[in-house]
Amino acid sequence: MQAYSDLPDGTRNGEVSSAKIVIAGGFGVGKTTAVEAISEIPAIRTESWMTAAAAQIDRLDPGIDKVTTTVAMDFGRVTIDDSLVLYLFGTPGQPRFWPMWDDLVRGAVGALVLVDTNNLENSFAAVNYFENDADVPWLVCVNLFHGVQTHDLAEVREALTLPAHIPLIAGDIRDARNVAHALLAVVNHATAQAIG
């Protein structure tokens, strides 16, 4: 599976020994899958079964066949090379857990916001959070469910009203190579922001 990016050239430099990266997004967008796909340690998951009792709180959109949901965070680690280790923190996607995002984002060098073009409105809150309430560099990655890109990135940028300076990439996050590409894009974007 090939990944796509609209990142400008020349943003691939940077020397960071370790970094915390947050993987955020709406419910069912693939945050846990991304952490599990690339973590070199058994990913720490806080999945809980979704029950009928929670149906009034945790909205399940038609077509989503999830039976569990993240109730705290996901955690994983990946060594990129001898000089860079990334610590990954996946946010819970349910609205009732959004107050936790401030704590998860604290100390992060950047954030990867996953979106699903089949359920784009589920991503508005995450994009709004990083645009208005967080102080970390961030970018958006369209998760190519089933490896299929259904919309041009320019259309996705317009639908999300993403400013031009926010990188937008796409990749099937079940593939560790695509997750690595996305995480490095976050690091490069954060480095570019830091050096101005």
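Quick caveat, the model's predicted, so the values are computed rather than measured.
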So, for [X] and [Y], which heavy atoms are closest and what is the spacing to 0.1 Å?
| X | Y | result |
| --- | --- | --- |
| His189 | His165 | CE1-O, 3.5 Å |
| His146 | Arg174 | CA-NH2, 3.4 Å |
| Ala170 | Leu153 | CB-CD2, 3.9 Å |
| Val22 | Leu104 | CG2-O, 3.4 Å |
| Thr91 | Lys31 | O-CE, 2.9 Å |
| Arg157 | Leu168 | NH2-CB, 3.4 Å |

May I ask you to test the [X]-[Y] pair for a side-chain heavy-atom distance under 4.5 Å?
| X | Y | value |
| --- | --- | --- |
| Glu131 | Trp138 | yes |
| Ile21 | Val109 | yes |
| Phe124 | Thr161 | no |
| Val105 | Phe130 | yes |
| Leu88 | Ile38 | yes |
| Trp101 | Asp133 | no |
| Val140 | Leu162 | yes |

*Is a side-chain N or O of Ser39 found less than 3.5 angstrom from the main chain of Arg77, in a donor-acceptor match?*
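Yes, because the side chain of Ser39 sits within donor-acceptor range (under 3.5 Å) of the backbone of Arg77.
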*So, Asn143 side chain and Asp116 main chain: donor-acceptor pair closer than 3.5 Å or not?*
no
*Picking from Val35, Val142, Thr33, what satisfies side chain to side chain contact (heavy atoms under 4.5 Å, CB included) with Ile173?*
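By the side chain to side chain contact (heavy atoms under 4.5 Å, CB included) criterion, Ile173 pairs with just one of Val35, Val142, Thr33: Thr33.
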Gap between atom [atom2] of [Y] and atom [atom1] of [X] - 0.5 Å precision:
| X | Y | atom1 | atom2 | answer |
| --- | --- | --- | --- | --- |
| Thr117 | Leu144 | OG1 | CG | 7.5 Å |
| Leu112 | Leu86 | CG | CG | 11.0 Å |
| Ile44 | Thr32 | CD1 | OG1 | 12.5 Å |
| Glu155 | Leu120 | CD | CG | 11.0 Å |
| Asp102 | Tyr129 | CG | OH | 3.5 Å |
| Cys141 | Asp172 | SG | CG | 9.5 Å |

*Mind checking whether Val187 and Ile195 sit in one hydrophobic cluster, side chains of I, L, V, M, F, W, Y counted as touching below 4.5 Å?*
no
*Is it the case that one hydrophobic cluster holds both Val156 and Phe145, taking links as side-chain heavy atoms less than 4.5 Å apart, direct or via other members?*
no
*Any chance CG of Asn132 has more than 12 other-residue heavy atoms, nucleotides or ligands included, within less than 6.0 Å?*
yes
*Atom CD of Glu158 with >12 non-hydrogen neighbours under 6.0 angstrom*: no
